[in-house]
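Just so you know, these numbers use all the heavy atoms, side chains as well, and skip hydrogens, waters and symmetry mates. Residue indices begin at 1 and follow the sequence shown.
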Amino acid sequence: MSKLCMIKREEKRRKVVEKFKAKRLALNETINNVGASSEERADARVQLQNLPRNSSPVRLRNRCALTGRPRGVYSKFGIARGKLRELMLSGEVPGITKASW
């Protein structure tokens with residue numbers, strides 16, 4: 001089990017990313033717009049740099065929904081490999097059975 005503070009930090013980051021998502025997208029469009037003047041593009045770069053660091057989606061980390069484990073998380077299930085294995089062996093994941101031949 002991961003530390004509770006790490007799990008809460010990730011939740012907080014996800015909220016901040018969602019809050020600034022539209023503003024960040026608009027600034028990136030202005031920066032990448034070739035038709036915009038160089039002053040507008042430079043101003044957009046400065047505004048983008050002044051946004052909080054945690055508003056960047058790159059800073060997000062995939063964590064297990066059950067344990068908070070940061071590594072070995074299957075994105076399809078959102079669960080770490082160990083817990084996913086336990087759930088599969090107990091038959092709680094539909095469509096997956098233990099191999100036997």
K.L.:
Honestly curious: do Val73 and Val17 fall in one hydrophobic cluster under the side-chain, below-4.5 Å linking rule?
P.N.:
no
K.L.:
Can you tell me how far apart CZ (Arg9) and CZ (Arg61) are? Round to the nearest 0.5 Å.
P.N.:
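Reported value, rounded in 0.5 Å steps: 12.5 Å.
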K.L.:
Do Arg14 and Glu11 pass the salt bridge (charged side-chain N to carboxylate O under 4.0 Å, His left out) test, and can you show the C-alpha distance, the side-chain angles, and the key distance before you say yes or no?
P.N.:
CA-CA 5 Å; Arg14 290 194 187 279; Glu11 289 174 3; over 6 Å; no
K.L.:
Run Asn54 and Leu60 through side chain to side chain contact (heavy atoms under 4.5 Å, CB included) and show every step you take.
P.N.:
CA-CA 8 Å; Asn54 285 337; Leu60 293 177; over 6 Å; no
K.L.:
Taking only residues two or more places apart in sequence, or in another chain, which ones meet Thr97 in a side-chain contact (heavy atoms from CB on, under 4.5 Å)?
P.N.:
none
K.L.:
If I compare all heavy atoms of Ala44 with all of Ile31, which pair ends up nearest, and what's the gap?
P.N.:
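Closest pair (atom of Ala44, atom of Ile31, distance): CB-CG1, 3.7 Å.
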K.L.:
Could you check whether atom CZ of Arg81 has more than 12 heavy atoms from other residues, nucleotides or ligands sitting under 6.0 Å from it?
P.N.:
no
K.L.:
Excluding sequence neighbours, so at least two apart, what forms side-chain contact (heavy atoms from CB on, under 4.5 Å) with Glu92?
P.N.:
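If we apply the side-chain contact (heavy atoms from CB on, under 4.5 Å) test to Glu92, skipping adjacent residues, the hits are Leu87, Ser90.
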K.L.:
So, for Cys64 and Ala80, which heavy atoms are closest and what is the spacing to 0.1 Å?
P.N.:
SG-N, 3.3 Å
K.L.:
Going hydrophobic residue to hydrophobic residue with side-chain gaps under 4.5 angstrom, can you get from Phe20 over to Leu27?
P.N.:
yes
K.L.:
Mind checking side-chain contact (heavy atoms from CB on, under 4.5 Å) for Met88 and listing every partner two or more places apart, or none if nothing turns up?
P.N.:
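Per chain and number, Met88 pairs via side-chain contact (heavy atoms from CB on, under 4.5 Å) with Leu84, Val93, Ile96.
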K.L.:
Got a second to check how far Ser38's OG is from Asp43's CG, nearest 0.5 Å?
P.N.:
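Reported to 0.5 Å precision, the distance equals 11.0 Å.
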K.L.:
So, using salt bridge (charged side-chain N to carboxylate O under 4.0 Å, His left out) as the criterion, who are the partners of Glu86 when residues are at least two apart?
P.N.:
Lys83
K.L.:
Given Met6 and Arg63, is the side chain to side chain contact (heavy atoms under 4.5 Å, CB included) satisfied, shown in steps?
P.N.:
CA-CA 10 Å; Met6 300 303 284; Arg63 288 189 175 269; 3.8 Å; yes
K.L.:
Please, which pairs that meet side-chain hydrogen bond (donor to acceptor under 3.5 Å, both in side chains) have at least one residue in residues 15-33, sequence neighbours excluded?
P.N.:
Arg24-Ser55
K.L.:
Can you run down the side-chain hydrogen bond (donor to acceptor under 3.5 Å, both in side chains) pairs that involve residues 68-78, sequence neighbours left out, and say none if there aren't any?
P.N.:
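Non-adjacent pairs meeting side-chain hydrogen bond (donor to acceptor under 3.5 Å, both in side chains): zero.
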K.L.:
Taking 4.0 angstrom as the limit, do Arg13 and Glu10 come out as a salt bridge?
P.N.:
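Yes, charged N to carboxylate O under 4.0 Å.
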K.L.:
More than 12 heavy atoms of other residues, nucleotides or ligands under 6.0 Å from CZ of Arg45: is that the case?
P.N.:
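Atom CZ in Arg45 is crowded, with more than 12 foreign heavy atoms closer than 6.0 Å.
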